[in-house]
Protein chains: 2
Amino acid sequence: MPKVKQFNRGHVLQEAAHIFRQKGYNGTSIDDILKATGLSRSSLYDSFQDKHNLYLQALEMYKKQENQAYQEVHQKQLNGLEKIELVFSEVVKHLIENPHDNGCLMVNAAAEMSKQCEKTSQVVCNNKDEVQNLFDAWIKDAQKNNLVKLNKPVEFYGQFLYNTLCGLKVLSQSGAAKTELDNVVKVTLAALN
Amino acid sequence: MPKVKQFNRGHVLQEAAHIFRQKGYNGTSIDDILKATGLSRSSLYDSFQDKHNLYLQALEMYKKQENQAYQEVHQKQLNGLEKIELVFSEVVKHLIENPHDNGCLMVNAAAEMSKQCEKTSQVVCNNKDEVQNLFDAWIKDAQKNNLVKLNKPVEFYGQFLYNTLCGLKVLSQSGAAKTELDNVVKVTLAALN
DNA sequence: TAATAAGCGGAACGTATATTCCAAAACTTA
DNA sequence: TAAGTTTTGGAATATACGTTCCGCTTATTA
């Protein structure tokens, strides 16, 4: 009976996330999103309620995708240290790939929205905890295999690695070249010995 | 002859920087700024041209003030390592002091504006270089006094420290408690040994 | 093929926003 | 105290934006 949706919900959120990352929440207009997705105004409001909900859903999807990428690393036949190294090299690669379209929606959300939107704040906070936990697990594994020498509790290093990660995402938006990001990663990894 | 300005230019920029830091550029309206400063519309446009120029001037002032704080540390009778430690403890203290009004205009500018505004991008980039250079100098001093053991070029560590700094400012906007920031600083400083 | 239920295009609305402009107020100096 | 220059208050404007709404279109099923 009913006509079926002519667009893919995931693709729309993907595009929305892309624009929100570039222009921020308040810098992005509904028209920007309509233009980029080809959607009609009514379809958008029908499927995503309003701009604020669209943003939150795009942010959640972004988080889910990042998390999935981490899980893929987690499934690999690598030791904890190698997994950490892989994540950082992939992040740097991703940040550098397109110098004029880099950055991270999660970091930008923390900067622009977390003080004004409780829901955004929670997503950002949950993401932090989840990534740190994954880092913790990898560090423990590396410790078990005598690949690192730590003289502080494991969670210190999970927090430290996550902090480095956030820093890199800011640095890449501050005009840092690849060498600079690489150097930061080198010192960060050396801190585990 | 002329009536003298009824407001202090620095105070206005200070207030503007405060609001821009809280709400971002696009999230802040002229009315927000008028309300916070008590200025009249005409005075604001007379003295600061338009919103975009006001933002840039507020950002420049913010940078100058941060730089001045760094210079004050630089003048102290401390060795390089102590200066680094002092800066980090002051930054953490500052970020934690008011949990609902933390963050950093420079980091937020990098996230929200640097991709869209060349001038913002330049300020952010210059700030990075200046702080890194200062860190470099302090690290060299610490090295001279055998307070640190480094097996990589000095500038690696300047870049690394600046990265940690940016990370802290994102972390504090991601719901991190003081202990967490302290832990990050501890591991960062331990990386210099 | 006809009936049906949802998608869709686009006009319309109200509000918020950045900016301009002008006349009145206010301060300084002679 | 009066003249002159600047500030200042606030009305006015034009535009941009988020959101709603309605009638047409389209795909599905019986």
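Chain letters run A, B, ... following the sequence lines, proteins first and then strands; every chain starts at 1. In this text, all values refer to a predicted model and were calculated from it rather than measured experimentally.
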Original post:
Should B:S40 be listed as having a side-chain N or O under 4.0 Å from OP1 or OP2 of D:dG9?
Top reply: yes
Original post:
Using a cut-off of 4.0 Å between protein heavy atoms and nucleotide atoms, how would you tag nucleotides 11-21 of chain C 5' to 3' with B, S and -?
Top reply: B-----SSBBB
Subject >> Aromatic ring pairing B:F48/B:F7, orientation class (parallel under 30°, perpendicular over 60°, tilted between) >> reply: tilted
**OP:** Find out whether the Lys NZ or Arg CZ of B:K51 is both under 6.0 angstrom from the six-membered ring centre of B:Y25 and within 45° of the ring's axis.
**Re:** yes
Given atom [atom1] of [X] and atom [atom2] of [N], what is their separation to the nearest angstrom?
| X | N | atom1 | atom2 | value |
| --- | --- | --- | --- | --- |
| B:R9 | D:dT7 | CZ | P | 11 Å |
| B:L39 | D:dG9 | CG | P | 8 Å |
| B:F7 | D:dT7 | CZ | C1' | 9 Å |
| A:F48 | D:dG18 | CZ | P | 16 Å |
| A:L54 | D:dT19 | CG | P | 10 Å |
| B:N8 | D:dT7 | CG | C1' | 16 Å |

Original post:
Charged N to carboxylate O under 4.0 angstrom, A:E90 versus A:K83?
Top reply: no
Subject >> Side-chain touch B:H18/B:D101, heavy atoms, less than 4.5 angstrom >> reply: yes
**OP:** Would you kindly say whether A:Q14 and A:Q65 are connected by a side-chain donor-acceptor distance under 3.5 Å?
**Re:** yes
Original post:
Can B:E130 and B:N67 be said to form a side-chain hydrogen bond (donor to acceptor under 3.5 Å, both in side chains), step by step?
Top reply: CA-CA 8 Å; B:E130 288 171 29; B:N67 231 284; 2.8 Å; yes
